[in-house]
Amino acid sequence: MSAIELKYAIPGDDFTRAGEASSSIKMRLKQMGFDPCFIRRVAIAVYEGEINMVIHANGGEIVVNISPASTDITLTDDGPGIPDVELAMKAGFSTAPENVRNLGFGAGMGLPNMKKYTDEMDIQSEVGVGTTVRMKVYANAT
Amino acid sequence: MLVGELVDLPGLTLVNSGAEPQRSIESAFCCDLLSLVMSRAPAGCAWVTVMGNVNSVAVAVLADIACVVLAEGAAFDDTALKRAEEKGVALFKTDLPVFEAALSIHSMLGNRDD
Ligand SMILES: Nc1ncnc2c1ncn2[C@@H]1O[C@H](COP(=O)(O)OP(=O)(O)OP(=O)(O)O)[C@@H](O)[C@H]1O
Ligand SMILES: [Mg+2]
């Protein structure tokens with residue numbers, strides 16, 4: 001299998017579509033015959049990033065590079081940025097507004113989940129400019 | 001027990017049969033905060049919640065959850081139902097409280113056909 005690149009534009013504030021890119025990525029990985037545990041880790045990490053862009057950044061873009069050894073995920077948005085990334089990474093920290101909390105979001109566990117389920121994660125964010133999250137998951141890691 | 005056997009539990013009603021009625025339920029899990037479910041729900045669990053919107057269906061798909069059981073008499077909205085049909089996610093509902101629904105599933109685990 002050669003490397004494959006998938007790209008998705010994520011619209012902001014549309015909670016009825018949320019998870020569509022993650023589901024599509026999951027399906028592709030499944031078709032390619034990856035291990036279910038690996039697929040689950042990628043799917044959850046991408047989903048949390050996708051939802052964060054919908055809720056906090058008015059949408060963005062997901063680029064996924066799949067190779068036999070690993071999957072690289074890059075989430076880019078030009079939303080408000082994260083003023084304190086270290087604080088945002090803390091379990092339980094959330095600025096999610098009331099209307100999305102009513103849908104079940106806002107536990108402040110999305111970023112910690114992305115860290116938990118990936119092997120590498122890096123956040124670059126500038127207030128007023130946007131946020132880029134890069135994640136890597138190795139196919140053979142447990 | 002199998003996903004398709006959940007209808008036999010008192011008070012549980014089938015809403016969408018899903019793509020894998022023969023899938024085995026490994027555990028029962030209760031939570032309404034979606035990213036906490038993503039963090040903690042084991043693959044193959046029966047997830048008992050009161051959240052009946054489309055995001056619950058997305059979470060079930062991505063976290064490899066065996067089925068969603070909506071408790072406390074809550075209802076799935078139309079978008080959730082449509083998405084569950086598309087994605088083959090098994091849905092059930094019950095008037096039981098979350099804990100009692102999960103307990104009744106838990107008490108059946110390891111029984112019958114699995
Ligand atoms: N792409 C982003 N742009 C701007 N702010 C963000 C972005 N992603 C995360 N944040 C900020 O980081 C906080 C923590 O994110 P995290 O995903 O952990 O929790 P949450 O989205 O609030 O709730 P949930 O548990 O449902 O994911 C958010 O509340 C938000 O303030
Ligand atoms: Mg989040």
Side-chain angles (χ1 to χ4, degrees), chain A residues 10 13-30 34-52 54-56 73 88-94 96 99-118, chain B residues 16 18-20 23-24 26-27 29-45 47-72 74-91 98:
Chain A
I10 309 302
D13 274 327
D14 185 353
F15 297 102
T16 61
R17 280 197 41 167
E20 281 300 276
S22 317
S23 303
S24 152
I25 292 162
K26 183 178 186 198
M27 214 147 67
R28 289 295 290 268
L29 292 170
K30 207 170 163 182
F34 282 101
D35 161 63
C37 292
F38 166 79
I39 297 175
R40 186 173 190 264
R41 294 171 64 212
V42 173
I44 291 176
V46 179
Y47 172 80
E48 293 289 8
E50 178 179 1
I51 289 292
N52 276 356
V54 175
I55 296 178
H56 306 295
I73 305 129
M89 284 297 299
K90 287 212 166 88
F93 178 84
S94 174
N99 64 320
V100 305
R101 284 179 190 268
N102 291 340
L103 294 171
F105 300 110
M109 290 297 294
L111 291 173
N113 277 351
M114 290 155 77
K115 176 108 191 148
K116 171 180 170 180
Y117 286 109
T118 59
Chain B
N16 186 57
E20 290 179 285
R23 185 170 178 188
S24 168
E26 308 294 341
S27 60
F29 180 84
C30 310
C31 185
D32 298 318
L33 296 171
L34 299 178
S35 63
L36 206 55
V37 176
M38 286 298 211
S39 176
R40 298 266 187 253
C45 70
W47 172 30
V48 187
T49 179
V50 296
M51 288 291 173
N53 68 74
V54 66
N55 296 286
S56 298
V57 177
V59 164
V61 170
L62 295 165
D64 289 336
I65 285 166
C67 63
V68 184
V69 179
L70 203 58
E72 306 274 5
F76 290 101
D77 66 31
D78 289 344
T79 319
L81 290 173
K82 193 160 159 278
R83 187 71 53 86
E85 279 167 25
E86 280 167 27
K87 302 283 180 194
V89 178
L91 305 179
V98 169

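All chains are named by letter (A, B, ...) in the order of the sequence lines, taking the proteins before the strands, and each is independently numbered beginning at 1.
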Nearest non-hydrogen partners of Lys87(B) and Ser23(A), listed with the distance
NZ-CB, 3.8 Å
Quick one: pull up CZ in Arg101(A) and CG in Asp32(B) and give me the separation to the nearest 0.5 Å.
14.5 Å
I'd like to check Ile51(A) versus Asn55(B) (side-chain heavy atoms, cut-off strictly below 4.5 Å). Are they in contact?
yes
Can you tell me which residue among Leu34(B), Val54(B), Asn53(B) is in a side-chain contact (heavy atoms from CB on, under 4.5 Å) with Leu103(A)?
Asn53(B)
Between Ala43(A), Gly19(A), Gly104(A), Pro112(A), which has the largest tally of heavy atom pairs under 4.5 Å with chain B?
Gly104(A)
Nearest-0.5 Å distance that lies between atom CG in Asn113(A) and atom CZ in Arg40(B)
8.5 Å
Find the distance between OG1 (Thr79(B)) and CZ (Phe15(A)) and round it off to the nearest 0.5 Å.
13.0 Å
Using a 4.5 Å cut-off on heavy atoms from C-beta on, say whether the side chain of Lys26(A) contacts that of Asp64(B).
yes
Step through the shown structure and confirm whether more than 12 heavy atoms of other residues, nucleotides or ligands are within 6.0 Å of NZ on Lys115(A).
no
May I ask you to name which of Ser56(B), Ser39(B), Ala43(B), Cys31(B) has the most heavy-atom pairs under 4.5 Å with chain A?
Ser39(B)
Considering only heavy atoms from C-beta outward, does the side chain of Arg83(B) approach that of Glu20(A) to under 4.5 Å?
yes
How close do Tyr47(A) and Met38(B) get, counting heavy atoms only, and between which atoms?
CD2-CE, 3.1 Å
State, to 0.1 Å, how close Gly108(A) and Ser35(B) come at their nearest heavy-atom pair, and which atoms those are.
N-OG, 4.5 Å
For Arg17(A), is the CZ atom crowded, meaning more than 12 foreign heavy atoms sit under 6.0 Å from it?
no
Toward chain B, the part of Ile39(A) with a non-hydrogen atom under 4.5 Å
neither
